[in-house]
Asker: 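Attaching a single structure in structure tokens format; questions to follow.
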Number of protein chains: 2
Amino acid sequence: MSTAQGARARARTEITAAIKDEARRQLAAEGAAKLSLRAVARALGMVSSALYRYFPSRDELLTALIVDAYDSLGAAAETAEKQVHDAGPLHRWTTVCEAVRAWAMTHPHEYALLYGTPVPGYTAPQTTVQAASRVGLLLIAIARDAHRDGTLSAPALPADLHPEATRMAADLAPDLPPEAVAALVAAWAQLFGLIGFEVFGQFHGVVEHREPFFRQAALRLAQGVGLAC
Amino acid sequence: MSTAQGARARARTEITAAIKDEARRQLAAEGAAKLSLRAVARALGMVSSALYRYFPSRDELLTALIVDAYDSLGAAAETAEKQVHDAGPLHRWTTVCEAVRAWAMTHPHEYALLYGTPVPGYTAPQTTVQAASRVGLLLIAIARDAHRDGTLSAPALPADLHPEATRMAADLAPDLPPEAVAALVAAWAQLFGLIGFEVFGQFHGVVEHREPFFRQAALRLAQGVGLAC
DNA sequence: GTCTATAACGAGATAGAC
DNA sequence: GTCTATCTCGTTATAGAC
């Protein structure tokens, strides 16, 4: 009985993975907007109605792909950071930035799914939020360690931003000064601006040697947040 | 004779504009990947083959929409800058940034067409480059004026970036120090990172009062380039 | 010459009967 | 699960109106 259920559960896991793999392949070929349960089924030798036993709708499949991609990106960033965890905050920061960039370059279509044009008619459920915040939390953690060590020199803020910065800090990192949190959020967005331009081809004919260019930009992002060393 | 040609040319211009208007409407509704000549024709009460008199292919229509969007964005930025052209470089910079952001917020689908996920199967022809560079050229011009006035303090660069910075400067702004050009290109990408996160909903639940937040971020971008006052 | 309409192609998606 | 009839699409050939 338990072996039968175990085999069944194993088969279900395998088929679910196969469906997602094929869907990712189609994502690369046609884009997220044209992701079609039917085509996925055909490629797997299944019939479209059979897929609904694994994913109740196209949107649920999309959500699964998005969560997987966020987790893949988050894991890549966290693994890279772990290996330099004992270094200074600046080195940890640039390591995370470069890991995010490397993941984006090797997974351009999944990157587009996360940070590109939203899929028309699809709105991400709350389920995705946790996976989506892993990179941000990692950057916050680095700033937090710097703050504990007294090496975080948060930049000044204009008065009209203070209420919003305080609110963001309360939500994201109550132990950090509001100025640092506001700077962190801005740096977070700017990091993905650099990466997006590279992945989506905006640097074509403009920036040639993109690795050192990115490294330097990531370094200056860290300085903008107030990290040193 | 000339009046007949004038009338024909006028009709052609009007129909071309109507096609693009309808295509933009569909862009907003379905996304660029699903832009369909047939649907555009149907909405206009034409037959699909008639559209080929105006656009030789779906990709050419896409290209026209892209060039129009780049020009609309460029014109918005240039118009805003013209009105503060006599102010200091910092004020001109933030004015341009805010004009770009305002255009993106009012034209989210066209923004997605320009800076979002590339349309699968479409590659932009060289024709788009000139229109695409208008905002960048505007930012360069501001830095150039600051440099002429001696108020541009270009940030230092690591040695490994110097060849690339020199190459970029030769291409983009031979009269500017390479360090400033590298910083400009980075700031350009980061600007669209901030705007993209806002347009694509990444700031949802994170940043609430986005105008002062953006203004401050744009200001610090300018400082990163070395602009003062 | 300039345009529009009809019809068709090959490909793919979709809905429903079985 | 399978099969079929009916949609969509981009694109082209052709014929006729202005």
Side-chain angles (χ1 to χ4, degrees), chain A residues 8 11-12 14-16 18-62 65 109 117 119-122, chain B residues 1-68 109 112-113 117-125 127-128:
Chain A
R8 217 195 324 250
R12 186 176 176 83
E14 273 172 24
I15 295 180
T16 304
I19 292 171
K20 291 197 286 193
D21 280 352
E22 179 56 36
R24 270 185 281 268
R25 219 164 294 139
Q26 301 210 1
L27 215 64
E30 300 275 13
K34 286 194 178 168
L35 178 64
S36 131
L37 283 183
R38 249 192 140 74
V40 172
R42 196 175 338 131
L44 293 175
M46 302 169 78
V47 112
S48 61
S49 55
L51 279 204
Y52 285 86
R53 288 172 39 84
Y54 298 89
F55 296 96
S57 71
R58 187 203 78 134
D59 282 10
E60 300 264 354
L61 174 56
L62 254 186
L65 294 179
H109 303 99
T117 309
V119 181
Y122 171 85
Chain B
M1 204 70 158
S2 75
T3 43
Q5 279 193 355
R8 191 144 48 191
R10 195 159 46 242
R12 186 174 176 83
T13 308
E14 271 171 26
I15 296 181
T16 304
I19 292 171
K20 291 197 285 191
D21 281 351
E22 179 57 36
R24 270 185 281 267
R25 220 165 293 140
Q26 299 208 3
L27 214 65
E30 300 274 13
K34 288 193 179 169
L35 176 65
S36 133
L37 282 186
R38 283 187 115 107
V40 171
R42 205 177 321 128
L44 293 175
M46 302 171 76
V47 101
S48 65
S49 58
L51 283 204
Y52 284 82
R53 287 280 152 190
Y54 301 88
F55 297 96
S57 72
R58 193 200 79 130
D59 281 9
E60 299 263 356
L61 174 55
L62 252 186
T63 300
L65 295 178
I66 289 172
V67 170
D68 278 10
H109 303 100
L113 187 62
T117 308
V119 182
Y122 172 84
T123 47
T127 327
T128 60

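Quick note on labels: first sequence line is chain A, next is B, and so on, each numbered from 1.
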Asker: How many whole angstroms separate atom CD1 of I19(B) from atom P of dT4(C)?
Answerer: 8 Å
Asker: Look at atom CZ of R12(B) and say whether more than 12 heavy atoms of other residues, nucleotides or ligands are closer to it than 6.0 Å.
Answerer: yes
Asker: For R8(B) and dC18(D), what is the distance between atoms CZ and C1' respectively, to the nearest whole Å?
Answerer: 9 Å
Asker: Grab the CD-C1' distance between E14(B) and dC3(C) for me, whole Å please.
Answerer: 15 Å
Asker: Would you indicate what L37(A) reaches in the nucleic acid, counting non-hydrogen atoms under 4.0 angstrom: base, sugar-phosphate, or nothing?
Answerer: nothing
Asker: Using a cut-off of 4.0 Å on non-hydrogen atoms, how would the nucleic acid contact of A50(A) be classed: base, sugar-phosphate, or nothing?
Answerer: sugar-phosphate
Asker: Quickly work out the R53(B) CZ to dC18(D) C1' distance and round it to whole Å.
Answerer: 13 Å
Asker: Is R42(A) close enough to dG12(C) that one of its side-chain N or O atoms is under 4.0 Å from OP1 or OP2 there?
Answerer: no
Asker: Mind calculating the distance between CZ (R58(A)) and P (dA13(C)) to the nearest angstrom?
Answerer: 13 Å
Asker: Ignoring hydrogens and angles, does a donor from either the side chain of S49(B) or the base of dT6(C) sit under 3.5 Å from an acceptor on the other?
Answerer: yes
Asker: Is any side-chain N or O of R38(B) under 3.5 Å from a base N or O of dG10(D), one able to act as donor and the other as acceptor?
Answerer: yes
Asker: Can you check the M46(A) CE to dG1(D) P distance for me, whole Å?
Answerer: 7 Å
Asker: Could you check whether any side-chain N or O of E22(B) sits under 3.5 Å from a backbone N or O of A43(B), counting only pairs where one atom can act as donor and the other as acceptor?
Answerer: no
Asker: Quick check: closest heavy atoms across Q26(A) and S36(A), and the distance to 0.1 Å?
Answerer: OE1-O, 4.0 Å
Asker: Quick check for you: to the nearest 0.5 Å, what is the distance between H109(A) atom NE2 and R25(A) atom CZ?
Answerer: 13.5 Å
Asker: Give the rounded distance in Å between these two atoms: CZ of F55(B) and C1' of dG10(D).
Answerer: 16 Å
Asker: With distance as the sole test, does T117(A) use its side chain to make a donor-acceptor pair with the main-chain N or O of T117(B) at under 3.5 Å?
Answerer: yes
Asker: May I ask you to evaluate whether Y52(B) reaches the phosphate of dT11(D), defined as a side-chain N or O under 4.0 Å from OP1 or OP2?
Answerer: yes
Asker: Classify Y54(B) by what it touches in the nucleic acid, base, sugar-phosphate, or nothing, heavy-atom distance under 4.0 Å.
Answerer: sugar-phosphate
Asker: Once you apply a heavy-atom cut-off of 4.0 Å, does L51(B) come out as touching a base, just sugar-phosphate, or nothing?
Answerer: nothing
Asker: In whole angstroms, how far is the C1' atom of dC9(D) from the CG atom of L62(B)?
Answerer: 15 Å
Asker: On DNA chain C, check which nucleotide each of K34(A) and G45(B) is closest to and give me the residue with the more 5' one.
Answerer: G45(B)
